[in-house]
Number of protein chains: 2
Amino acid sequence: MSSPDTMARSYAQLCGIATALDVVGDRWTLLVLRDLLLGPLRFGDLAEGLPGIGTNTLTARLKHLEALDVVHRRLLPLPDRGTVYELTDYGRELEPILMALGRWGTRSMGRLPRDVASRSRWLVAAMLAFHDDSQRIAQPTTWELRLSDGPFTVRAEDSTLTVAAGAPDHADLILTTDDETLHQLLTHRLTPAEAVTTGAVTLDGDISGLSRLIGLFTFPALEASAT
Amino acid sequence: MSSPDTMARSYAQLCGIATALDVVGDRWTLLVLRDLLLGPLRFGDLAEGLPGIGTNTLTARLKHLEALDVVHRRLLPLPDRGTVYELTDYGRELEPILMALGRWGTRSMGRLPRDVASRSRWLVAAMLAFHDDSQRIAQPTTWELRLSDGPFTVRAEDSTLTVAAGAPDHADLILTTDDETLHQLLTHRLTPAEAVTTGAVTLDGDISGLSRLIGLFTFPALEASAT
DNA sequence: CGGTATCCGCAAAGATACTG
DNA sequence: CAGTATCTTTGCGGATACCG
């Protein structure tokens, strides 16, 4: 019984890249891992974040990833009584690769179809991708972003940025907004002052903290479609 | 019907990673790009390096990649009268991502099936992936590797390593060997002296050059399969 | 030889209904 | 909520026939 069907369609090449694709190359797989980068998720939350995936396909991907030690299935303690999926150490090593792939793919986003799905968690992941780690921040700062997917924690310390789903215990600044406004702020098409004045952003804390947050990133301007 | 609708199965997500996968996420696509990393290839050479791919699938992938400016189709000058496919600048930006993915996947190579295909070009690509760029080499050196796929050029200058298919104009050392022997050398399961003595490697130049070549890399030992 | 086009069988993926 | 079962659709691999 050489491993179940998890290797059914292996490329069978003596090559690290081909082997990596045997593990994470199937359709949807890398998007599952992308969504798990911000923290553990339940089956239903994963499915909700992957519009178009069938529950059977999601089940198959999770089983495959679990068998290959990329994802771990964990039972939550009593109050919740649920199951969550989270990255293993091996799976977490994909983070810089996924971020680099996301930066690369951003250039092609102008070609996206008209009816595009959007999730604030993807925008938050993009913040991780476009964080400018050549900057060192003077003192550690925590932001809470309240977006449509729920609260997220962004923390800057020295030159590292950590991002996770969920609210922090303490935030230096809480901001409530929508994806489009946040993206406009990050691409400098909207100033913090404008955003607050129009009510597109609601702050609990000082507006300078919003400016400092935005300054941590270097988002590219999106190009229009060419084809 | 079915005109080149290259976005037929787009994830349609406002996300750089999802967009990248719209471009290079289809089966075989990243392996096509891997093989093009070492230099332009003809259709037939690509097909030969991707055992199992159908010629129709390869055609579809190349058309897709060409339409999205990842690969460029170029006609060779007269003596050859052929067509080659080569990476565009945009496509070449995938190199560090593919190398990182290959390093990541190497850990899972113990699970590969029994009948694995092997190509020396993949081993040469792995040399690029496992090059230790913390080293600076005293004086620029060029090696010619004569392997089953043909000759390859490896050049070290300062702390950069370049690798390409084809023989160099001048090589400081020419070595002829097989994939298995080269891999054993790179993983220190075989010493240069042993390899030369047994005839597994033939040198045209000084053996110290082989030691210096091997010293440029930090290949991991392959783990045995667990499940 | 360097592709392209077509048919065919299979396995994966999408959709949805259903169950613990 | 967390999946499983079932059915349909689509993509893929393989073979082959065709064109420059």
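Just the heavy atoms: all of them, side chains too, but no hydrogens, waters or symmetry mates, feed the values below. Chain A is the first sequence line, chain B the second, and so forth, proteins listed ahead of strands; every chain is numbered from 1.
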Nucleotide C:dC1, atom C1' - distance to CG of B:Asp45 in whole Å: 11 Å
Closest non-hydrogen atom pair between A:Glu86 and A:Arg74, with its separation: OE2-NE, 2.9 Å
Short side-chain N/O contact to D:dG3 OP1/OP2 from A:Lys63, under 4.0 Å: no
Cationic N near anionic O, under 4.0 Å, B:Glu48 to B:Arg121: yes
Under-4.0 Å side-chain N/O to phosphate OP1/OP2 contact, B:Tyr85 with C:dG2: no
Near-ring test A:Phe219/A:Phe130, centroid separation under 6.0 angstrom: yes
Centroid-centroid under 6.0 Å between A:Trp143 and A:Phe152 rings: no
Residue-phosphate contact under 4.0 Å: B:Trp28 side-chain N/O, D:dG13 OP1/OP2: yes
Nucleic acid contacts of residues 47-62 of chain A, taken as heavy-atom distances under 4.0 Å to DNA chain C: A:Gly52, A:Thr55, A:Asn56, A:Thr57, A:Arg61
Selected nucleotide, minimal atom distance to A:Arg9 side chain, candidates D:dG3, D:dG13, C:dA13: D:dG13
Residues 171-179 of chain B, side-chain donor-acceptor partners within the protein, below 3.5 Å, at least two apart:
residue  : atom : partner  : partner atom : Å
B:Asp172 : OD1  : B:His170 : NE2          : 3.3
B:Asp172 : OD2  : B:Thr142 : N            : 2.7
B:Thr177 : OG1  : B:Ala200 : O            : 2.9
B:Asp178 : OD1  : B:Thr181 : OG1          : 2.7
B:Asp178 : OD2  : B:Glu180 : N            : 3.2
B:Asp178 : OD2  : B:Thr181 : N            : 3.1
B:Asp178 : OD2  : B:Thr181 : OG1          : 3.3
B:Asp179 : OD2  : B:Ser120 : N            : 3.2

Rounded distance (Å) that lies between atom P of C:dG3 and atom CZ of B:Arg42: 8 Å
Nearest heavy-atom neighbours spanning B:Ser10 and B:Asp22: OG-OD2, 2.8 Å
Electrostatic pair A:Arg73-A:Glu66, nearest N-O below 4.0 angstrom: no
OP1 or OP2 of D:dG11 under 4.0 Å from side-chain N/O of A:Arg27: no
Atom pair distance, as rounded to whole Å: CG in A:Asp26 and C1' in C:dG14: 15 Å
Minimum heavy-atom distance A:Phe43-A:Thr55, with the two atoms named: CZ-O, 3.6 Å
Polar side chain donor-acceptor pair, A:Tyr90 to B:Ser108, under 3.5 angstrom: yes
Whole-Å gap separating C1' (D:dA2) and CG (A:Leu41): 14 Å
Bend angle of the helix from C:dG2-D:dC19 to C:dG20-D:dC1, from helix axes over five pairs at each end, nearest 10°: 40°
Whole-Å distance separating the CZ atom of B:Phe43 from the C1' atom of D:dC19: 14 Å
